[in-house]
Each structure stands twice: as C-alpha cells, then as structure tokens.
Amino acid sequence: MLLLKTMQKVNPMKAIFFEKFGTRDVLQFGDRPEPAPQQKELLIEVERSSVNYVDIRERQGTYNRPETHVGGIELPHISGLQAVGTVIAAGSKEDKVWIGKKVVAYTPKGGGYAQKVVAETSFCVEIPESANADLFAALPNQGLTAYLLLTASTQIQPGESVLVQGASGGVGSLAVQIAKILGAGTVLGTASTSEKLDFIRSLGADDAIDYTREDWTKRVLENTSGRGVDVLLESIGGNIFEQNFECLAPFGRHIIFGSTRGPGQPFAPRRLMQKSQTMTGFYLPVFLAKPELIQAGMEFLVKATLEEKLRPSIARILPLSQTAEAHRLLEDREIQGTILLDTK
Ligand SMILES: NC(=O)c1ccc[n+]([C@@H]2O[C@H](COP(=O)([O-])OP(=O)(O)OC[C@H]3O[C@@H](n4cnc5c(N)ncnc54)[C@H](OP(=O)(O)O)[C@@H]3O)[C@@H](O)[C@H]2O)c1
C-alpha cells in the first residue's frame, strides 16, 4: 500500500533518453518519471532546453571512458546541460521563494532534454517573466565555457588579441562576443564555409578565417602585425592543433577545450620555451569544485544578455521529439550558433 502511494506521486514527463551508448538511434522519446528535487535543488518546468556538442560525446559513450569520465553517467540517461523554465517545486524550505520564478539553469548532471529538470538552486539565475527564453537557453554550458576560458583559464587583458577556433559554433559564437565585452582588441574566428565566416563577422569579430585553407595561419599573422595572437581558444584538434603554434604570439596562452577533429599529434612541451608560451587545459565539470566561479559566470551571462551586449545565436528550434535530428545537424556541421529544443 505504501509502495503504491509512493508510485502514484511520481508523475510521468516526456523526455529524450538513452539506455545504451551509440549512434543517434539510441535516443528514445518517451515517458520518464519526473525527478524529485533534493535539498538545495529546484524542480523546473522546462520551456526551452538546448543541445551541446558534448551531448553527442555523452551519447556515444566517450565520456564513459575512465580518462574522460567526470561525475559519471548512469543508464538510462537524459542529457541536456542547460534549460529555461519556471520553478514548480523546491527541495529546501528556504528555497520555496523560488516557486513561480522564471529561471535559466545550468544542469551539469544532465536532464535538460525533458519537460521537467532538477537544478541546484545556486546554478539558477532568475530572469524577468517577459524575457525571451530562446536567448537564455543557449547560455549556461556553452556560455560558461566561453566565459571561464577567458576569465579563469586565462585573464584576458584589455587590448589583447584572441583567436577563437570553430567560432561559428555554440561556444565559439559566444566566445567571440564575450572577448569583445571583456575588452579584447583584435578578435579573430575560424570556420569552414563562407556562410559561417560571414556569420562570425556579424558577431563582431574583426576578421573570420577559413581554416580549411593550408595557409590560414598567415591571415592570423597579417591581422596581428606578424606577432600572432595573445590568446588562442582551441576546440578542434587534428592538424589544426599543430598549426596553432605558427600564429601564437610570444607569451601567448593556448587553451585546449575540445577535439572535434580528434586529438592531433603528440606534442613536445619544450617547444613552449621558444616563445615563453603557456598551454592550459579546460574541462567545465572540473569547475564544479569552484561553484563561486560558475555562479559569477551565470550572473555575467544573464546580465550581458539582458543588457543586449551578448546576443546568443539561435540556429534552429526543434521539438524535443526531434533531438536526434539536432544531433545530426551538429555532427554534419550544418549549424551556426545553438540548437534549441521546444519541450512543450
Ligand atoms: N572542455 C569543456 O568543458 C567543453 C565545454 C563545452 C564544449 N566543449 C567543446 O567545445 C567544442 C564546441 O562545442 P559546441 O557545443 O559549441 O559545439 P558546436 O556548436 O557543434 O560547434 C562545433 C564547431 O566545431 C567546428 N568543427 C570543426 N571540426 C568539426 C567536426 N569534425 N565535427 C563537428 N564540428 C567541427 C564546427 O565549425 P566548422 O564546421 O566551421 O569547422 C563548429 O562550429 C566541442 O569540441 C565541445 O566538445 C568543451
């Protein structure tokens, strides 16, 4: 009887989930039990969530390998690291004041590909009821990555030059804009098609460079009076990784945060001595150990968007049921900005 009562309390919700790792076919659309907020957590009725490239790696099982596994994934799993919606329940008495508020939430344990998601209260920021959910749903994971790359992995100084690799993507398109907001000088972005290059210029980049051309590094040098860039944000890997050093300035900081083309060749660290350069790695989940930096980042992103200094780029809005198509669009590189999911 007690068991029956407990079961009756769990409401079903629509979600995208997977029970095994693999290709896009493993993504299932169906009913899952609504999550229950624990202490210091809020339950959010999701209006919009969105898709990150890391969701693809998670689905493929890449993040389940010992060397990349931070935090762990239990199957079945619902991905989704960012969401906007209305708070409908709170796990802690003191958090009941959040109920009814519209929030943007960073959900590092996933769960955003659903009609309801649980988020830590400290990773939620209130936004006005009238705020456009589409703009804010693109922010948390991709925006935090862009912001922390420029403020925690390195502290960008006024006037410094920045090169953002893959600048038409979710993280890249925000990084170009955030670099400018933080006072960077020349900001350059790379991409693979002329349409994406136009898009990068429209974000405020000083130049956009086709990195499928063998001589792309020359154009970076031309834009920086032959010095190279002070800060290089690198998420591509492959042969791009090695070429980066042709256009990194003396004292330049090279930050690795992704490998869309694979890891590239082994690197001899002593080459950094030649120009007193630094190489740093970045992995956002590690920053969960520094929640104050995540909170500061969330506040910055929401404020800059409300003030219209930051304009997250919405590539498409797809129904939640078509999340597999969203993964295809990212895997086939057909996207500029962020793909949102309509969970209604
Ligand atoms: N370390 C972390 O904590 C962290 C956090 C968030 C994201 N990331 C990484 O940051 C990168 C960008 O993430 P995102 O969510 O912004 O992804 P996204 O929107 O899909 O953007 C990826 C960009 O990479 C470029 N790209 C180059 N080679 C590619 C390939 N073989 N497949 C797919 N894209 C390729 C694409 O531009 P072109 O087609 O013009 O080349 C695209 O603009 C990913 O590598 C992701 O894993 C890391």
Side-chain angles (χ1 to χ4, degrees), residues 49-60 62-63 67-71 79-82 106-108 110 112 137-150 152-153 163-178 188-201 203 205 208-213 216 232-241 243-244 255-264 280-290 293-294 297 301 312-316 326-340:
S49 62
S50 58
V51 181
N52 282 267
Y53 192 83
V54 287
D55 303 344
I56 292 166
R57 294 281 192 242
E58 190 170 72
R59 187 204 75 215
Q60 291 168 335
T62 316
Y63 277 10
E67 63 270 33
T68 55
H69 197 191
V70 179
S79 295
L81 299 166
Q82 42 198 32
Y106 171 49
T107 53
L139 285 181
N141 189 71
Q142 289 166 329
L144 280 172
T145 300
Y147 176 79
L148 292 171
L149 282 165
L150 291 163
S153 293
L163 172 62
V164 180
Q165 298 285 21
S168 68
V171 175
S173 60
L174 291 166
V176 165
Q177 297 177 70
I178 292 170
L188 308 171
T190 55
S192 59
T193 67
S194 59
E195 198 189 358
K196 289 183 177 184
L197 296 174
D198 287 344
F199 169 68
I200 293 167
R201 286 188 199 98
L203 298 169
I209 299 167
D210 181 349
Y211 58 3
T212 64
R213 290 177 55 113
W216 68 267
L232 200 153
L233 305 185
E234 150 70 328
S235 61
I236 306 298
N239 61 335
I240 296 290
F241 173 72
Q243 288 176 299
N244 285 333
I255 307 168
I256 311 167
F257 69 103
S259 315
T260 43
R261 288 195 201 165
T280 308
F282 174 94
Y283 189 44
L284 184 58
V286 179
F287 280 80
L288 295 173
K290 297 192 171 193
L293 293 184
I294 303 241
L301 295 164
S313 307
I314 310 309
R316 300 273 171 87
H327 279 211
R328 184 196 70 73
L329 287 163
L330 287 191
E331 288 175 274
D332 290 349
R333 299 163 72 176
E334 291 180 19
I335 286 303
Q336 297 170 177
T338 303
I339 305 179
L340 303 187

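Both counts, for ligands and for their atoms, begin at 1 and track the order of listing. Note: hydrogens, waters and symmetry copies are ignored here, and every other heavy atom, side chains too, is used.
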Minimum side-chain heavy-atom gap [X]-[Y] below 4.5 Å:
X	Y	value
H327	V51	yes
Y106	L284	yes
S173	F199	yes

Under 3.5 Å between some N or O of ligand 1 and some N or O of [X]?
X	answer
Q142	yes
V171	yes
F257	yes
G258	no
G169	yes
F282	yes
Y283	no
N141	no

Heavy atoms of other groups near R201 CZ, more than 12 under 6.0 Å: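 Enclosed: over 12 neighbouring heavy atoms sit under 6.0 Å from CZ of R201.
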I'd like to know if the side chain of T190 pairs up with that of Q165 as donor and acceptor (distance under 3.5 Å, no hydrogens or angles considered).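 There is such a pair (donor and acceptor under 3.5 Å, judged by atom type) between the side chains of T190 and Q165.
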side-chain contact (heavy atoms from CB on, under 4.5 Å) partner of L233, chosen from L150, L163, I256: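 That would be L150.
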Closest to [atom] among [options] (heavy-atom distance):
atom	options	value
atom 25 (C) of ligand 1	F199, Y211, F287	Y211
atom 30 (C) of ligand 1	R57, H327, Q165, R333	R333
atom 5 (C) of ligand 1	L144, L330, L174, T145	T145

Check the orientation of F257 and F282. Use parallel for under 30°, tilted for 30 to 60°, and perpendicular for over 60°.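 F257 and F282: perpendicular rings.
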Should you measure from each heavy atom of [X], which atoms of ligand 1 turn up under 4.0 Å away?
X	answer
L284	2 (C), 3 (O)
K196	37 (O), 38 (P), 39 (O), 40 (O)
A191	40 (O)
V54	47 (O)

Is the positively charged end of R261 above the ring of Y211, judged by distance under 6.0 angstrom from the centroid and angle within 45° of the axis?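 Output yes; distance and angle both within limits.
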For P312 and A138, which heavy atoms make the closest approach, and how far apart are they?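 Heavy atoms only, the tightest pair is CB-CB, 3.8 Å.
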Indicate the atoms forming the closest heavy-atom contact of L340 with A137, along with that distance.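 In terms of heavy atoms, the two residues are closest at CD2-CB, 4.0 Å.
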For I236, which part has a heavy atom under 4.0 Å from ligand 1: side chain, backbone, both, or neither?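 It is the side chain that touches ligand 1; the backbone stays farther off.
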